[in-house]
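Here, residue 1 is the first one in the sequence, and each next residue gets the next number. Side chains are part of it too, since the values below use all heavy atoms of this structure and drop only hydrogens, waters and symmetry mates. From a predicted model like this one, the values you see are computed outputs, not experimental measurements.
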Amino acid sequence: MPYTHLLEQVDIFADLDTERLQRIAGLCTERRYDKGDIVFQENTDSDELYIILQGEIEIQVDPRTLGISADESPGPTTIATLRRGQSFGEVALVDEGLRCASARCAASRTKLLVISRNDLIQMCQNDFEMGYILMRNVASDLSLKIRQTDLMLREQLLWSPRR
């Protein structure tokens with residue numbers, strides 16, 4: 001499969017052998033986006049995992065989704081910029097809850113690999129070892145992202161002016 005080499009470089013697929021990566025590559029579909037396109041919106045259903053083939057993706061949160069008025073908020077804020085080989089949307093593999101952020105294309109001719117949650121979960125149910133490795137890697141990836149977000153929040157609390 002043409003995507004196997006890229007999947008080898010994606011953190012959540014670490015420690016999976018070539019045969020398993022080839023099976024995962026068989027689940028992938030490629031989608032193309034232009035700069036400014038929205039891949040998914042905050043507070044929408046999550047059912048896909050994304051891997052960047054080309055381009056950049058901005059992960060954004062919008063304080064207005066918490067009820068903060070447009071007067072108090074400048075709108076969506078970019079909390080991370082992702083590039084080739086990075087994945088996003090992993091929370092969809094853990095649950096089918098609502099997206100906690102939006103994903104927006106930051107570069108022209110962005111190409112993404114998309115993997116359906118249902119297809120990947122079915123594959124994991126048929127191969128428990130692969131499922132264990134994948135979910136361990138997802139947990140590690142999400143843990144790192146939680147720690148980074150925690151540090152960012154602490155920094156904002158420490159350095160933001162008191163009201």
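The closest donor-acceptor contact from the side chain of Glu30 to the backbone of Lys111 lies at 3.5 Å or more, if one exists at all. Remark: the backbone N or O of Ala14 is paired with a side-chain donor or acceptor of Asn137 at under 3.5 angstrom. Listed for the Arg84 side chain is no donor-acceptor partner under 3.5 Å among the backbone atoms of Ile52. Judged by distance alone, with hydrogens and angles left aside, the side-chain atoms of Glu42 form a donor-acceptor pair with the main-chain N or O of Asp62 at under 3.5 Å. The backbone N or O of Gly97 lies less than 3.5 Å from a partner atom in the side chain of Ser46, making a donor-acceptor pair.
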Should Arg31 and Leu53 be marked as a side chain to side chain contact (heavy atoms under 4.5 Å, CB included) after you check the CA-CA gap, both sets of side-chain angles, and the distance that decides it? CA-CA 10 Å; Arg31 291 190 194 152; Leu53 281 174; over 6 Å; no

The test is side chain to side chain contact (heavy atoms under 4.5 Å, CB included); show your working for Ile115 and Leu93 and say whether it passes. CA-CA 10 Å; Ile115 303 174; Leu93 299 180; over 6 Å; no

Please evaluate residues Thr44 and Leu98 with respect to the criterion side chain to side chain contact (heavy atoms under 4.5 Å, CB included), reporting the C-alpha separation (whole Å), side-chain torsions for both, the decisive distance (0.1 Å), and the verdict. CA-CA 5 Å; Thr44 59; Leu98 298 177; 5.7 Å; no

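We find the CG-CD distance between Leu27 and Gln122 to be 10.5 Å, quoted to the nearest 0.5 Å. Of the inter-residue distances, the one linking Ser108 atom OG with Gln54 atom CD reads 10.0 Å to the nearest 0.5 angstrom. Between the CG atom of Asn126 and the CD1 atom of Ile121 there is a distance of 11.5 Å, given to the nearest 0.5 Å. Rounding to the nearest 0.5 Å gives a distance of 13.0 Å between CG of Asp119 and CZ of Arg23. Of the inter-residue distances, the one linking Met135 atom CE with Glu90 atom CD reads 11.0 Å to the nearest 0.5 angstrom. Here Leu112 contributes atom CG and Leu82 contributes atom CG; the two are 10.5 Å apart, rounded to the nearest 0.5 Å.
In the displayed structure, Arg136 atom CZ is contacted under 6.0 Å by more than 12 heavy atoms of other residues, nucleotides or ligands. Shown here is Asp11, whose CG atom has no more than 12 heavy atoms of other residues, nucleotides or ligands within 6.0 Å.
Heavy-atom minimum distance, Ile51 versus Ser87: CG1-CB, 4.1 Å. Between Cys105 and Tyr33 the shortest heavy-atom distance is SG-CB, 3.1 Å. Contact record, Leu7 with Leu21: CD1-O, 3.6 Å, taken as the closest heavy-atom pair. Of all non-hydrogen atoms in Asp47 and Ala92, the two that sit nearest each other are N-CB, 3.9 Å. The two residues Cys100 and Val61 make their nearest non-hydrogen contact at O-CG1, 3.8 Å. Of all heavy-atom pairs between Ile59 and Ala103, the closest is CD1-CB, 4.1 Å.
Linking ILVMFWY side-chain heavy atoms closer than 4.5 Å, directly or via other members, places Ile79 and Ile57 in a single hydrophobic cluster. The same ILVMFWY cluster, assembled from side-chain heavy atoms under 4.5 Å apart, contains both Val94 and Phe13. When hydrophobic clusters are built by joining Ile, Leu, Val, Met, Phe, Trp and Tyr residues whose side-chain heavy atoms come closer than 4.5 Å, directly or via intermediates, Tyr132 is grouped together with Ile12. Linking ILVMFWY side-chain heavy atoms closer than 4.5 Å, directly or via other members, places Leu144 and Leu134 in two distinct hydrophobic clusters.
Checked against side-chain hydrogen bond (donor to acceptor under 3.5 Å, both in side chains), Asp17 has no partners two or more places apart in sequence or in another chain.
In summary, the side chains of Glu58 and Thr81 do not present any donor paired with an acceptor at a separation below 3.5 Å, with no hydrogens or angles considered.
Relative orientation of the Phe40 and Phe88 rings is tilted, given thresholds of 30° and 60° on the angle between their planes.
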